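Predicted, not measured: the structure shown is a model, and the values here were computed from it.
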Amino acid sequence: RRDKSALLQHLDRSSQLAGPGQFKTHLLNQGKSAAISQRMMQVEEKQGEESDPNAKNAQDVKIRQATVVMEKINLSQLKSFLNNIEYGPYHLGISSIRISNDDKIRGYMKVELGVVAYLFQTEEGT
């Protein structure tokens, strides 16, 4: 019972990211707090997708996805960004990650992340 209550609280809190551009702004702020320059970070927010129609209460939960590309970052910046995503105020998950070395500057890398937010479907006009 407590597990379901905690999950519902996470989904309700994450519904603040449902507004247009809110998810992108949150991810950019998390990068900023991880000392990643705004010029080295690009966030592409995808249109919201509906959840699995076979799932129970599928009409209530919505999935928000974004692709984050960070260039010329070091390992400590990446670790800090992932900690911000994992333990932040919203229920976010990493769906994919690709890390490649920056051939020009030693010790830096390019990282592409898929980030997913699960949130309650908001009704229009309420």
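Considering CD of Glu71 and CD of Glu112, their distance stands at 8.5 Å, rounded to 0.5 Å. Here NE2 of His91 is found 9.5 Å from CD of Glu86. Values are rounded to the nearest 0.5 Å. The CD1 atom of Ile73 sits 11.5 Å away from atom OG of Ser37, with the distance rounded to the nearest 0.5 Å. With rounding to the nearest 0.5 angstrom, the CE atom of Met40 is 12.0 Å from the NZ atom of Lys110. In this structure, the separation between CZ on Phe23 and CD on Glu45 is 7.0 Å, given to the nearest 0.5 Å. Taken to the nearest 0.5 Å, the NZ atom of Lys24 stands 9.5 Å off from the CD atom of Gln42.
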Might you work through the side-chain contact (heavy atoms from CB on, under 4.5 Å) test for Val69 and Met41, ending with a clear yes or no?
CA-CA 6 Å; Val69 178; Met41 188 171 172; over 6 Å; no
Please test Asn101 against Tyr108 for side-chain contact (heavy atoms from CB on, under 4.5 Å), starting from the C-alpha separation and ending with a verdict.
CA-CA 6 Å; Asn101 285 331; Tyr108 288 91; over 6 Å; no
Please walk me through it: do Val116 and Ile63 pass side-chain contact (heavy atoms from CB on, under 4.5 Å)?
CA-CA 7 Å; Val116 179; Ile63 299 172; 3.5 Å; yes
Verdict with supporting geometry, His26 and Leu92, side-chain contact (heavy atoms from CB on, under 4.5 Å)
CA-CA 11 Å; His26 173 69; Leu92 304 178; 3.8 Å; yes
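For the pair Leu27 and Ile85, the minimum side-chain heavy-atom distance is below 4.5 Å. Counting heavy atoms from C-beta on, the side chains of Lys32 and Gln38 come closer than 4.5 Å. Residues Gln65 and Val115 form no side-chain contact, since every pair of their non-hydrogen atoms from C-beta on lies 4.5 Å or further apart. Side chains of Ile94 and Leu82 form a contact here, defined as non-hydrogen atoms less than 4.5 Å apart. Side-chain contact between Met109 and Asp102 is absent, with no heavy-atom pair separated by less than 4.5 Å.
By the rule that hydrophobic residues join a cluster once side-chain heavy atoms approach within less than 4.5 Å of another member, Val68 and Ile97 end up as members of one cluster. Leu75 is connected to Ile99 through a chain of hydrophobic side-chain contacts under 4.5 Å among Ile, Leu, Val, Met, Phe, Trp and Tyr, so both are in one cluster.
Remark: the backbone N or O of Asn74 is paired with a side-chain donor or acceptor of Gln77 at under 3.5 angstrom. Thr25 contributes a side-chain N or O that, together with a main-chain N or O of Gly21, makes up a donor-acceptor pair within less than 3.5 Å.
Minimum heavy-atom separation, Met70 to Phe81: CE-CD2, 3.8 Å. In terms of heavy-atom proximity, Ser80 sits nearest to Ser33 at OG-O, 4.4 Å.
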